Enquirer: 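Below is the structure I would like to discuss, written out as structure tokens.
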Protein chains: 2
Amino acid sequence: MNLKDLAASLGLSQTTVSRALNGYPEVSEATRKRVTAAALEHGYRPDSRARSLATGKAMAVGLVLPMTAKQEIVNPVFADFVAGAAETLATRGYDIVLSLASEEEQTNVYRSMLSKGRVDGMIMQAPLTGDPRIALLKDLGMPFVVHGRVSDHDDEYCWMDMDNRHAFHEATGHLLDLGHVRIALLNGLEAMDFAHRRRDGFLDALSERGLTADPAIMASSTMTEQFGYNEAMRMLALPEPPTAMLTSSLLVAMGAHRAIQARGLRMGLDVSVVTHDDGLSYLPNGTEEAPIFTATQSPVRSHGNICAEMLLKRIDQDKTPPIQTKLKASFVIGPSSGPAPTL
Amino acid sequence: MNLKDLAASLGLSQTTVSRALNGYPEVSEATRKRVTAAALEHGYRPDSRARSLATGKAMAVGLVLPMTAKQEIVNPVFADFVAGAAETLATRGYDIVLSLASEEEQTNVYRSMLSKGRVDGMIMQAPLTGDPRIALLKDLGMPFVVHGRVSDHDDEYCWMDMDNRHAFHEATGHLLDLGHVRIALLNGLEAMDFAHRRRDGFLDALSERGLTADPAIMASSTMTEQFGYNEAMRMLALPEPPTAMLTSSLLVAMGAHRAIQARGLRMGLDVSVVTHDDGLSYLPNGTEEAPIFTATQSPVRSHGNICAEMLLKRIDQDKTPPIQTKLKASFVIGPSSGPAPTL
DNA sequence: AATCACTGCCAAAGCGCTTTGGACAATCGT
DNA sequence: ACGATTGTCCAAAGCGCTTTGGCAGTGATT
């Protein structure tokens, strides 16, 4: 059942039916009622392609899942972020078009994504330092917003980012205040822009107190529980083990926790752990009142909401200067951090 | 730059250009070369909507993120599953259209999803027992495949499922063989069809050896680390604590592990833990050679691959009888399970 | 009585692509 | 040498919608 048929069955023109259905004023209330009733009865649904072709709006935004050809890690943050974005987009009737791109194919996928008409805008995730995709997206001339930022890139694009530097500066400060001097950093892959910023925050906090970082207790890798466990195990076996650890994700913190226990130590007493918490819905950091880990937190789901919101604004009015949003992580204190043990 | 312009600039008809680009034989090799070169030079990309409208194929499949209005849990399995599906779909040039639906709006979202033309088929995830969506999808008459199954529903639909019953039967058998008698079950929400099947496998294995389950050591909830911890803590404090635990996800097992350690017990010696492992890429169960947890495993990413594959087949030929795939989980033994402690 | 502004409707022109049904030459079989 | 094929190309008809530009009819205004 298409518009033509529906119009015919009502003895009206397509124009009138279309207008009636889309709430235009040029149609009498009586006919509108008649039309909507008939539409409902026949289960009429406009063909989104045809509509999109006619209006020029795709009512969808694109998202590219970055992934190398090798079975690599899916960003655990992805699901919550997408949920947030989808949630906001749904309120405006937008869908998400997902595409997967191996590293080499990134460019092509981005191009084909906006192979005209498929989407009205794009959200780019997990930017690397000096990420070439930004230039590409600008080049393609389509609204986009980046979840994260790219250092060393001009500021002429939309982004939404948490203040990673500040968060890790604060977390490190907290540990320093507690008297810790040997603080380990278990960071994400430093190719990722956010990991870079976090390290800077960490290093700055140290040097502000006249301390220097020890590379032996700084690690950087994909943020898995395993990584946390392995590195913590290694570091705790050092002649001068750290008394505190700063980790980049709850999963890593859990791994560190496991290692601490495996070494017969107690978290929060012998070794403190502070982590960043992305607020993943399926991996809560204890309860709201009683967190397990002392943590900087910024729920990634709300990042999804915000990015979507920004993109929609951008789609509505392309010509305004780019919007940029910086979020401050909150800081909660749990039993995982305590005063540095006295020797 | 559209087809018309491109054709004009080449002094050819749209027909010929279209045919040249799409590899039809009715065009000479010389013109084809000329056309492809020009297309490349002008950066021509066909409008996917127009093409879709003309061909009738959307080159996309739909996926609905189920989610209640309340900030509920995003399925942790989602990301990997989607990655798998996207991976397979990408090889055939298909995209994924993602939509989010609150429980009440499910029906509408499904309807509007295939609001004609948006997608060629759908993948449905996380079916509940007696899930009404299956009837809905059948009713809408669009190819679909279900990741999981629905009990008490006729078999006339495509599904791909792991043999949950068998997996938990085997896992329980393993623990029974080790001499365990009081085995706890930390299951997923029993509204989920798979949780139901797992419980059945567990119960059957027990009763086959003449044992009955104790409701005091059976729990069922959303599969978080917290849930694992809380329930394990509670159970280990019982007058007759379990000597083994069977959990429904790695996250839950990790929670149980934490509880075991918190109680001053040793996993694999005092309390055994066996879990199901969805093979999430960011949450590996140790390494392949050295798993941490004894586990039934079935990587959900490959589920995504398979579902996509099946759906594509289904889209290609709608009229064949529904395909159904049952996967057997593999079973790996790690240090988390050992002989039941002698009293 | 003629003009004007609505109101409520319609015919038809796109949107950009694919595909059907030829047209026109060049080549072939006999 | 003549019809039958084959190789290249094209004009035009959709796909199903929105939207422009009009056209009657109705009251209200000059």
Side-chain angles (χ1 to χ4, degrees), chain A residues 1-36 38-39 42-60 93 95 111-120 142, chain B residues 1-36 38-39 42-60 93 95 111-120 142:
Chain A
M1 168 67 68
N2 56 17
L3 188 61
K4 197 159 140 193
D5 298 343
L6 184 62
S9 84
L10 280 160
L12 288 169
S13 76
Q14 293 192 39
T15 310
T16 306
V17 176
S18 170
R19 299 212 134 129
L21 257 25
N22 293 324
Y24 281 71
E26 301 96 326
V27 56
S28 75
E29 220 32 63
T31 14
R32 191 190 302 283
K33 279 230 176 77
R34 213 157 60 85
V35 170
T36 47
H42 293 92
Y44 167 74
R45 310 232 138 227
D47 183 309
S48 51
R49 299 163 298 188
R51 161 180 275 168
S52 171
L53 194 54
T55 58
K57 312 228 62 181
M59 296 306 283
D95 285 331
R111 282 194 200 287
S112 86
M113 178 66 98
L114 30 104
S115 156
K116 282 216 314 224
R118 190 118 214 167
V119 298
D120 297 320
M142 135 151 333
Chain B
M1 169 64 71
N2 56 20
L3 188 60
K4 196 159 140 193
D5 297 344
L6 185 63
S9 86
L10 280 161
L12 288 170
S13 75
Q14 294 193 37
T15 311
T16 306
V17 176
S18 168
R19 298 212 135 129
L21 257 26
N22 293 324
Y24 281 72
E26 302 97 325
V27 56
S28 75
E29 221 32 64
T31 14
R32 191 190 302 283
K33 278 230 176 74
R34 212 157 62 85
V35 170
T36 47
H42 292 93
Y44 168 74
R45 311 231 138 229
D47 185 307
S48 50
R49 300 163 297 187
R51 162 179 274 168
S52 171
L53 194 54
T55 58
K57 311 229 63 180
M59 296 306 281
D95 284 331
R111 283 193 200 286
S112 86
M113 179 65 100
L114 29 105
S115 157
K116 284 217 312 226
R118 190 116 215 168
V119 298
D120 298 320
M142 135 149 334

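Proteins come first, then strands; the chains are lettered A, B, ... in the order of their sequence lines, and each starts at number 1. A quick note: this is a predicted structure, and the numbers were derived from the prediction, not measured. Only this structure's heavy atoms are used, side chains among them; waters, hydrogens and symmetry mates stay out.
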Enquirer: Quick one: A/D5 CG to D/dG16 C1', roughly how many Å, whole number?
Expert: 10 Å
Enquirer: How many Å lie between NZ on A/K4 and P on C/dA13, as a whole number?
Expert: 15 Å
Enquirer: How far apart are the closest heavy atoms of B/S48 and A/G117, and which atoms are they?
Expert: OG-C, 4.1 Å
Enquirer: Count the heavy atoms of every other residue, nucleotide or ligand shown that sit under 6.0 Å from NZ of A/K57, and state whether that count exceeds 12.
Expert: yes
Enquirer: Tell me whether the side-chain N/O atoms of B/T31 come closer than 4.0 Å to OP1 or OP2 in D/dC9.
Expert: yes
Enquirer: If I take atom CE in residue A/M59 and atom P in nucleotide D/dC17, what distance separates them, rounded to the nearest angstrom?
Expert: 16 Å
Enquirer: Mark up nucleotides 18-27 of chain D, 5' to 3', with B wherever a protein heavy atom is under 4.0 angstrom from a base atom, S wherever such an atom reaches only the sugar-phosphate, and - elsewhere.
Expert: BBBB------
Enquirer: Nearest whole Å is fine: how far is C/dG8 P from A/R34 CZ?
Expert: 14 Å
Enquirer: How large an angle, rounded to 10°, do the end axes of the helix from C/dA2-D/dT29 to C/dT30-D/dA1 enclose when each is built from five base pairs?
Expert: 50°
Enquirer: Report the C-alpha separation of A/Y44 and A/V17 in whole Å, then their side-chain angles, then the decisive distance to 0.1 Å, and conclude whether the side-chain contact (heavy atoms from CB on, under 4.5 Å) test is met.
Expert: CA-CA 11 Å; A/Y44 167 74; A/V17 176; 5.8 Å; no
Enquirer: Ignoring hydrogens, what is the shortest heavy-atom contact between A/R118 and B/M59? Give both atom names and the distance.
Expert: NH2-O, 3.3 Å
Enquirer: Please report, rounded to the nearest Å, how far the P atom of C/dG14 is from the CZ atom of B/R49.
Expert: 18 Å
Enquirer: Would A/R32 and A/V35 satisfy side-chain contact (heavy atoms from CB on, under 4.5 Å), going step by step from the backbone distance to the final call?
Expert: CA-CA 5 Å; A/R32 191 190 302 283; A/V35 170; 5.7 Å; no
Enquirer: Closest approach of B/T36 and B/K33, non-hydrogen atoms and distance?
Expert: OG1-O, 3.0 Å
Enquirer: Taking A/S18's backbone N and O only, do any of them form a donor-acceptor pair with A/N22's side chain (distance below 3.5 Å, no angle check)?
Expert: yes
Enquirer: Pairs of donor and acceptor atoms involving the side chains of residues 9-16 of chain B, under 3.5 Å and at least two apart or interchain, shall be tabulated with distances.
Expert:
unit_1	atom_1	unit_2	atom_2	d
B/S9	OG	B/L6	O	3.0
B/S13	OG	B/T15	N	3.4
B/S13	OG	B/T16	N	3.2
B/S13	OG	B/T16	OG1	3.1

Enquirer: Does B/S28 have a side-chain nitrogen or oxygen under 4.0 Å from the phosphate oxygens OP1 or OP2 of D/dC9?
Expert: yes
Enquirer: Of all heavy-atom pairs between B/G56 and B/D120, which one has the smallest distance, and what is that distance?
Expert: O-OD1, 4.2 Å
Enquirer: By nearest atom, which of the nucleotides D/dC10, C/dA11, D/dC15 is closest to the B/L12 side chain?
Expert: D/dC10
Enquirer: Using atom CG of A/D47 as one end and atom P of D/dG16 as the other, report the distance to the nearest whole Å.
Expert: 7 Å
